[in-house]
Amino acid sequence: MAEAYDFRNIEPKWRERWEFDATYRARSDGRPKYYVLEMLPYPSGDLHVGHAKNYSFGDAIARMTRMRGYDVLHPMGFDAFGLPAENAAIDRGVDPAAWTVENIANMQRQIRLMGTGYDWSREIATCFPEYYRWNQWLFLRLYERGLAYKREAPVNWCPHDKTVLANEQVIDGRCWRCNHLVERRNLSQWFLKITAYADRLLANLDKLEGWPERTKTMQRNWIGRSEGVRFDFAVDGLDETVPVFTTRIDTAFGATFLAIAPEHPMVARLRSIVPPERFDAVTAFAERVAGKSELERTSLLEKEGVFTGAYAINPLSGARVPIYATNYVLADYGTGAVMGVPAHDQRDAEFARKYELPSVTVVVPVDDDRARIEGAAFVDDGRLTDSGKYDGMTSAQARVAMAADLAQRGLGEVTVTTRIRDWLVSRQRYWGTPIPIVYCDGCGEVPVPDDQLPVLLPPGAPVDGEGSPLARMESFVNTTCPRCGKPARRETDTMDTFFESSWYYLRYLSPHDSVAPWERADANAWMNVDQYIGGAEHTVLHLLYARFFYMFFHDNRWVGGNDEPFERLFHQGMVLKDSEKMSKSRGNVVGVDETAERYGVDAMRLFLLYVTPPEDTAEWTDEGISGRVRFLNRVWRACEPLFGKPYASDGRLPAADEADDRTLLRAVHVAAKSALDETLSRRFHFNATIAKLDELVNALTAAARDRSGSPVTAYAVHALPILIAPFAPHIAEELWERLGHAVSVHLQRFIEPDERALAVAEIELVVQVNGKIRARLAVAPDISAERAYELAQENPAVRAQLESGELRKQIFVPGKLLNLVVS
RNA sequence: GGGGAAGUGGCGGAACGGUAGACGCAGCCGCCUCAAAAGCGGCCGAGGAAACUUGUGAGGGUUCGAAUCCCUCCUUCCCUACCA
């Protein structure tokens with residue numbers, strides 16, 4: 001009995017060889033470049049088959065592209081700063097650096113175990129000074145241009161743990177660790193001015209043709225550009241105005257109150273003109289609302305408010321309306337104040353009903369037959385009424401006219417408001433990049449000079465969850481002012497880890513550079529990322545931040561080409577087990593280690609690519625992967641007869657005269673064409689390609705029974721390792737070697753689909769009568785319409801149908817079908 | 001409330017206006033075997049003995065022809081959410 005396919009020996013053997021031979025290193029040798037990248041992973045725990053799906057997919061694309069003659073850059077690294085390491089430190093007293101290094105080692109081992117073809121010579125880990133010094137360098141460049149700045153902002157603060165919490169660490173308004181109510185505190189925070197790029201981030205989306213439409217839509221919504229009018233309400237009895245923003249200025253005559261955020265600066269200034277008890281009530285309400293986390297505050301459906309005791313004058317209608325402090329107006333969107341129009345805004349309607357404020361209809365539907373829903377505001381455009389000189393105008397006309405009038409009176413202007421806010425990048429945390437700023441009593445805020453970078457993250461900080469560890473390290477805090485040399489204090493906040501991941505794709509290009517984060521020449525050579533792969537959960541955060549950074553780099557001429565980093569984007573789907581997301585708490589995690597040990601890596605990779613199209617959610621089943629193990633065994637047996645016979649095929653297309661040979665030859669090229677088509681179309685539906693490989697192996701199995709010695713069989717056997725190489729790299733390499741080849745199968749050219757091999761001698765021509773199939777005729781592929789019609793008439797079933805009426809029309813699709821229209 | 005994606009056999013899926021269900025999983029039958037496993041061959045949407053009829057969430061439309069394009073509705077999943 002011949003030797004069976006033994007993945008336990010074969011797979012590790014080839015991984016070592018590839019590593020030793022640097023098989024997957026990008027060469028920069030003049031071939032066209034291709035940069036394929038999976039999103040920078042966080043090195044957490046063990047990999048499961050969900051991760052494996054992502055890596056199998058990216059690796060298949062990289063391998064296919066390399067075999068098509070491209071110089072492929074496919075790097076890997078680790079997003080190594082962040083909370084899990086710090087939490088491990090807090091909970092178990094371990095050193096975050098040691099914990100992270102250990103995790104990286106394990107994850108590297110597992111990624112290598114998968115046989116992925118990364119260029120490890122370019123590996124990065126963001127927690128090392130060689131990387132994060134460039135974070136600091138980039139931060140300083142942003143700072144110099146006014147794009148990084150510090151201001152007071154409300155953050156989640158746990159009074160018990162004395163620390164700031166991320167939004168996701170606030171559960172039902174309480175601290176996830178100690179369960180104390182979280183407060184919102186105004187703290188001085190660092191921001192990046194992404195809003196300065198809002199218009200460009202939005203406009204450029206139209207150019208990103210290789211991005212999924214839904215991702216672009218989500219980014220558009222996130223940026224949330226609204227065109228409207230900003231105009232001023234005068235406060236009655238006070239020489240002050242409250243600006244409001246609205247997209248529906250046409251409803252201005254329907255404003256029956258003015259709603260302002262409790263944090264609005266006007267609240268304090270009303271003290272002099274309102275009764276003291278009203279002022280106290282407003283202050284109490286503001287404190288109550290402000291103490292709540294944004295999460296809790298916005299998830300409250302009930303609208304609440306307090307009358308301030310003051311009134312404002314509507315500049316258009318002249319109406320005097322009460323000013324309310326409310327919980328549903330956000331302080332940091334628009335102007336923090338809105339005109340309340342119960343008749344034409346659903347939120348205002350709910351608020352007005354609760355506080356018994358009047359509703360005045362000023363827009364009526366143009367076609368009145370639409371059924372009105374009781375209690376609902378009429379929010380559509382219509383025709384104006386009870387709006388003074390604007391009566392009779394359409395909403396669109398009124399918007400123009402009112403904006404013009406306000407502008408002329410100097411009381412308002414057409415303006416644009418965006419939903420996106422500046423990016424809060426400072427964290428009162430330890431395990432991150434120190435922000436390179438020094439505070440000096442004499443000089444103020446002083447940036448650390450480039451030649452003093454990196455500001456090292458000091459070891460041995462008190463990481464115990466009791467507030468900012470760096471702030472409690474005297475040795476870190478105390479320094480000298482870079483400007484005047486006097487004693488000064490360091491900034492003790494660290495950066496959000498999204499900072500690192502906003503530019504890492506450039507560091508791969510010059511990974512060991514010690515004079516710049518990357519070389520412009522390298523960026524010119526490799527950017528853009530041709531294919532970016534990652535989960536849809538990063539749609540608005542990472543992908544927006546990275547685009548913002550890249551625009552900044554482009555504006556500074558640090559990169560050439562266009563101002564978008566990612567040419568094409570692909571969101572891979574998840575892998576479920578028992579129809580549920582894999583998680584430790586559910587106990588349904590299918591690990592990479594166990595799966596590789598049990599079934600082999602190649603079978604795992606094949607199954608993950610085969611079970612669904614890559615963008616779909618897949619379901620893990622043990623039966624499913626068993627099918628791929630069977631497939632690989634069949635592949636092995638098909639090739640086995642030619643082991644050690646290097647001259648059985650020279651790889652050139654053999655003549656195929658017999659029908660069986662032609663079928664086999666065709667199966668080879670159908671599979672090759674599928675792989676190529678899926679790659680070129682960027683659908684990457686390799687599940688369809690692998691199905692064609694199944695058919696090829698079925699054909700080979702049949703051939704082995706009948707005529708194992710034919711030149712076409714030998715050709716197909718030699719083609720098979722090349723065809724499966726992108727998907728099952730280990731077995732492909734082993735077979736290739738056993739078939740007598742010395743150079744890696746992964747450095748071979750992929751099989752170019754050949755028209756002669758794809759051609760068939762005979763096709764089945766479908767004959768329809770009035771669209772219903774009545775016959776299938778075996779004919780030559782190039783049969784003419786006339787001849788097809790003649791043959792169709794000879795067919796009894798067709799003839800019977802034709803007799804039922806008169807032939808009106810013939811539709812002939814060459815090589816496919818003939819449709820006869822009879823009536 | 002807003003946005004997006006998707007509904008095809010027992011299951012995963014294939015079919016980018018032209019033969020619906022490729023390929024695989026599960027199941028059934030056979031060969032091989034003392035037997036089992038593995039392997040190999042065959043069957044496998046529904047109704048029907050067959051001819052044939054019917055069938056891609058529901059309904060309508062466009063077309064010689066629709067799973068595919070358009071409209072209405074239903075269902076599921078994902079994202080987002082008091083954004084004025």
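A note on names: the letters A, B, ... follow the listed sequences, proteins ahead of strands, and every chain is numbered from 1.
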TODO: Verify the contact: side-chain N or O of Asn687(A) to OP1 or OP2 of A22(B), cut-off strictly under 4.0 Å; return yes or no.
DONE: no

Open item on the list: What is the distance, to the nearest angstrom, from the CD atom on Glu213(A) to the C1' atom on G4(B)?
Closed with: 10 Å

Open item on the list: Heavy atoms only, 4.0 Å cut-off, all strands: where does Glu764(A) land among base, sugar-phosphate and nothing?
Closed with: base

TODO: Assign Asp694(A) to base, sugar-phosphate, or nothing according to its heavy-atom contacts below 4.0 angstrom with the strands shown.
DONE: sugar-phosphate

TODO: Classify the side-chain pair Asp660(A)/Thr663(A) by whether it contains a donor and acceptor separated by less than 3.5 Å.
DONE: no

Open item on the list: Whether Arg419(A) engages the ring of Trp222(A) as a cation-pi pair (distance to the six-membered ring centre under 6.0 angstrom, angle to the ring normal within 45°) should be assessed.
Closed with: yes

TODO: Using the P atom on both, measure G2(B) against G9(B) and round to a whole Å.
DONE: 31 Å

Open item on the list: Taking only side-chain N and O atoms of Arg634(A), does any of them lie within less than 4.0 angstrom of OP1 or OP2 on C40(B)?
Closed with: yes

- [ ] Report yes if a side-chain nitrogen or oxygen of Arg630(A) is closer than 4.0 Å to either non-bridging phosphate oxygen (OP1 or OP2) of C25(B); otherwise report no.
- [x] yes

TODO: Identify, between Ala691(A) and Leu820(A), the residue whose nearest nucleotide on RNA chain B lies closer to the 5' end.
DONE: Ala691(A)

- [ ] Could you tell me whether Ile773(A) contacts a base, only the sugar-phosphate backbone, or nothing, with contacts defined as non-hydrogen atoms closer than 4.0 Å?
- [x] sugar-phosphate

Open item on the list: Just to be sure I understand the rule, does Thr621(A) reach a base, reach only the sugar-phosphate, or reach nothing, if contact means heavy atoms closer than 4.0 Å?
Closed with: nothing

TODO: Please report, rounded to the nearest Å, how far the P atom of A84(B) is from the CG atom of Leu258(A).
DONE: 17 Å

TODO: Could you tell me whether Glu695(A) contacts a base, only the sugar-phosphate backbone, or nothing, with contacts defined as non-hydrogen atoms closer than 4.0 Å?
DONE: sugar-phosphate

Open item on the list: Please tell me if Ser226(A) has a side-chain N or O lying less than 4.0 Å from either OP1 or OP2 of A84(B).
Closed with: yes

Open item on the list: Looking at Thr195(A) and Ala198(A), would you say the former's side chain and the latter's main chain have a donor-acceptor pair under 3.5 Å?
Closed with: no

Task: For atom CG of Leu576(A) and atom C1' of G12(B), their distance in whole Å - done: 12 Å

TODO: Tell which nucleotide pairs with C32(B), taking only Watson-Crick or G-U wobble pairs whose two distances are both under 3.5 angstrom.
DONE: none

Open item on the list: Output the rounded distance in Å from CD (Glu619(A)) to P (A6(B)).
Closed with: 20 Å

Open item on the list: Tell me the interatomic distance from Glu615(A), atom CD, to G13(B), atom P, rounded to whole angstroms.
Closed with: 11 Å

Open item on the list: Classify Gln768(A) by what it touches in the nucleic acid, base, sugar-phosphate, or nothing, heavy-atom distance under 4.0 Å.
Closed with: base

TODO: Look at all strands and tell whether Val766(A) reaches a base, only sugar-phosphate, or nothing, counting heavy atoms closer than 4.0 Å.
DONE: base

- [ ] Take atom C1' in C28(B) and the same atom in U19(B), then report the distance between them in whole Å.
- [x] 27 Å

TODO: Take Arg225(A) and Asp199(A) through the salt bridge (Lys or Arg N to Asp or Glu O under 4.0 Å) test and state the conclusion after the steps.
DONE: CA-CA 8 Å; Arg225(A) 186 177 195 276; Asp199(A) 281 342; 3.2 Å; yes

Open item on the list: By nearest atom, which of the nucleotides G41(B), C64(B), A84(B) is closest to the Thr701(A) side chain?
Closed with: G41(B)

Open item on the list: Regarding Arg230(A), tell me which of base, sugar-phosphate or nothing describes its non-hydrogen contacts under 4.0 Å with the strands shown.
Closed with: nothing

Open item on the list: Expressed as a whole number of angstroms, how long is the span from Lys816(A):NZ to A15(B):P?
Closed with: 13 Å

Open item on the list: Using a heavy-atom cut-off of 4.0 Å across all strands, would you classify Gly224(A) as base, sugar-phosphate, or nothing?
Closed with: nothing

Open item on the list: Please report the distance, rounded to the nearest Å, between CG in Leu543(A) and P in C79(B).
Closed with: 16 Å

TODO: List the steps, then state whether salt bridge (Lys or Arg N to Asp or Glu O under 4.0 Å) holds for Asp381(A) with Arg248(A).
DONE: CA-CA 9 Å; Asp381(A) 278 7; Arg248(A) 289 300 304 278; 3.7 Å; yes

- [ ] Please work out if Phe631(A) contacts a base, only the sugar-phosphate, or nothing of the nucleic acid, heavy-atom cut-off 4.0 Å.
- [x] nothing

Open item on the list: For the C1' atoms, the ones on A20(B) and on A14(B), what distance do you get once it is rounded to whole angstrom?
Closed with: 9 Å

- [ ] Look at the side chain of Lys809(A) against the base of C64(B) and say whether a donor-acceptor pair falls under 3.5 Å; ignore hydrogens and angles.
- [x] no

Task: Nearest-angstrom distance, P atom, A5(B) to A37(B) - done: 48 Å

- [ ] Please report, rounded to the nearest Å, how far the C1' atom of A14(B) is from the OH atom of Tyr610(A).
- [x] 10 Å

- [ ] Name the residue closer to the 5' end of RNA chain B, choosing between Ala337(A) and Glu623(A) according to the nucleotide with the nearest heavy atom.
- [x] Glu623(A)

- [ ] Using the P atom on both, measure C52(B) against G13(B) and round to a whole Å.
- [x] 34 Å

Open item on the list: With a 4.0 Å limit, can you tell me whether Tyr333(A) has a side-chain N or O closer than that to the phosphate oxygens OP1/OP2 of A84(B)?
Closed with: yes

Open item on the list: Using atom C1' in both nucleotides, what's the gap between U75(B) and C69(B) to the nearest angstrom?
Closed with: 22 Å

Task: Test ring-ring contact (aromatic ring centres under 6.0 Å, His included) applied to Phe351(A) and Phe257(A), step by step - done: CA-CA 10 Å; Phe351(A) 187 80; Phe257(A) 62 100; 5.4 Å; yes

- [ ] Identify the nucleotide, in any strand shown, that forms a Watson-Crick or G-U wobble pair with G9(B), with both distances under 3.5 Å; if there is none, say none.
- [x] none

Open item on the list: For a quick test of reading the model: is some side-chain N or O of Arg419(A) closer than 4.0 Å to OP1 or OP2 of G2(B)?
Closed with: no

Open item on the list: Just to be sure I understand the rule, does Asp348(A) reach a base, reach only the sugar-phosphate, or reach nothing, if contact means heavy atoms closer than 4.0 Å?
Closed with: nothing

- [ ] For Val821(A), report the nucleic acid contact type (base, sugar-phosphate, nothing); a contact means any heavy atom under 4.0 Å.
- [x] sugar-phosphate

Task: Worked check of salt bridge (Lys or Arg N to Asp or Glu O under 4.0 Å) between Asp206(A) and Arg220(A) - done: CA-CA 10 Å; Asp206(A) 295 333; Arg220(A) 281 189 194 103; 3.1 Å; yes

Open item on the list: Using a 4.0 Å heavy-atom cut-off, does Pro212(A) contact any base of the nucleic acid, only the sugar-phosphate backbone, or nothing at all?
Closed with: nothing

Open item on the list: Between the side chains of Glu213(A) and Lys216(A), is the shortest nitrogen-to-carboxylate-oxygen separation below 4.0 Å, so that they form an ion pair?
Closed with: yes

TODO: Could you tell me whether Arg220(A) contacts a base, only the sugar-phosphate backbone, or nothing, with contacts defined as non-hydrogen atoms closer than 4.0 Å?
DONE: nothing

- [ ] Could you please name the partner base of C43(B), counting Watson-Crick and G-U wobble pairs only when both distances are under 3.5 Å?
- [x] G27(B)

Task: Separation of the P atoms in G17(B) and C23(B), to the nearest angstrom - done: 23 Å

Open item on the list: Between G61(B) and G12(B), how many Å separate the two P atoms, rounded to a whole number?
Closed with: 32 Å

Open item on the list: If the threshold is 4.0 Å, N to carboxylate O, is there a salt bridge linking Arg628(A) and Asp694(A)?
Closed with: yes

